[in-house]
Amino acid sequence: MARWARSSGTPVTPATPPVAPLSVSAKIQPLTHPPLPPPLDPAAREAAMAELRIQALACTRCPNLVSSRKSVVFGVGTVHARLLFVGEAPGADEDIQGEPFVGKAGELLTRMIGAMGLSRADVYIANILKCRPDTPGQTSGNRKPTTDEMATCIPWLHRQVDILQPAAIVALGATAVEGLLGKTLGITKLRGSWQDYRGIPLMPTYHPAYLLRNQAVTEKRKVWEDLLSVMERLELPISAKQRGYFLSKA
Ligand code: URA
């Protein structure tokens, strides 16, 4: 059973300019997002991501989220990652700690990454929304980001991808797919089939929170098959044991 059942160089390109302001009513138009810029060398990548983080941490585009947030949850991992995981939005734990996927769903994601033979430090993890969606009048619970919030925040993620230029992206759940691809077809239909995000192969799969709600081995196996497909694409080593995870019980 799977346990989730865990460079350098000289800058050639200057850090890119700040993300232009967007009107709150702008609609999601990820397919019109410009092609990827030329890749940065490792040192320039570090500098550009550090600069972008500073800008994002000062973002005040969504007044409701600015007044309720404890942190801007920018992203975590290495800027040299070949694999980017994208989730929906920070929850309460992430808002407190300022890091994506550190709550229950995050623990499962960390185990999934471990089952691939990687660690969180080998990949990059970010969300569609950098601030926790507010829940006025409630002391707990999460809500899905609105279309306007996603449209307002998505340029930060596009810029992160401009800098990272990973070899593959895993979109965790329907909101991640909608934010990146503008597709609202449904994660059940899309999961397991490679999509294209600005020339980068993107694998949609279920969100770890879904696997926590639905403990069926068949659902875990589906996600594992999607991750195996990602491992094949990245030419990561796959053992017979990894190939067999969840098969005996599926
Ligand atoms: N769920 C997400 O989509 N992102 C997080 O960072 C945490 C939970």
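If you're wondering where the values come from, they're calculated on a predicted model, not measured in any experiment. One-based numbering, in listed order, for ligands and for the atoms of each.
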State the atoms of ligand 1, each with its element, that fall below the 4.0 Å cut-off from a heavy-atom position in Gly87. 3 (O)
Note the single closest protein heavy atom to atom 4 (N) of ligand 1, along with its residue, its atom name and the distance in Å. Asn127 OD1, 2.8 Å
Could you see which bit of Ala89 sits under 4.0 Å from ligand 1, with heavy atoms only: side chain, backbone, both or neither? backbone
Is it the case that the side chain of Gln165 and the backbone of Pro37 share a donor-acceptor pair, with hydrogens and angles ignored and the cut-off at 3.5 Å? yes
Side-chain donor-acceptor pair under 3.5 Å between Thr135 and Arg143, yes or no? no
Shared hydrophobic cluster, Leu202 / Ile125 (ILVMFWY, side-chain heavy atoms < 4.5 Å): yes
Ligand 1 atoms in contact with Pro100 (distance to a heavy atom under 4.0 Å): 6 (O)
Is there a chain of hydrophobic side chains (I, L, V, M, F, W, Y, each step under 4.5 Å between heavy atoms) that links Leu236 to Ile169? yes
Residue portion contacting ligand 1 (non-hydrogen atoms closer than 4.0 Å) for Glu94: side chain
Treating Ile, Leu, Val, Met, Phe, Trp and Tyr as nodes and any side-chain heavy-atom pair under 4.5 angstrom as an edge, say whether Val73 and Phe101 lie in one connected cluster. no
closest protein heavy atom to atom 1 (N) of ligand 1 is His207 NE2, 3.3 Å
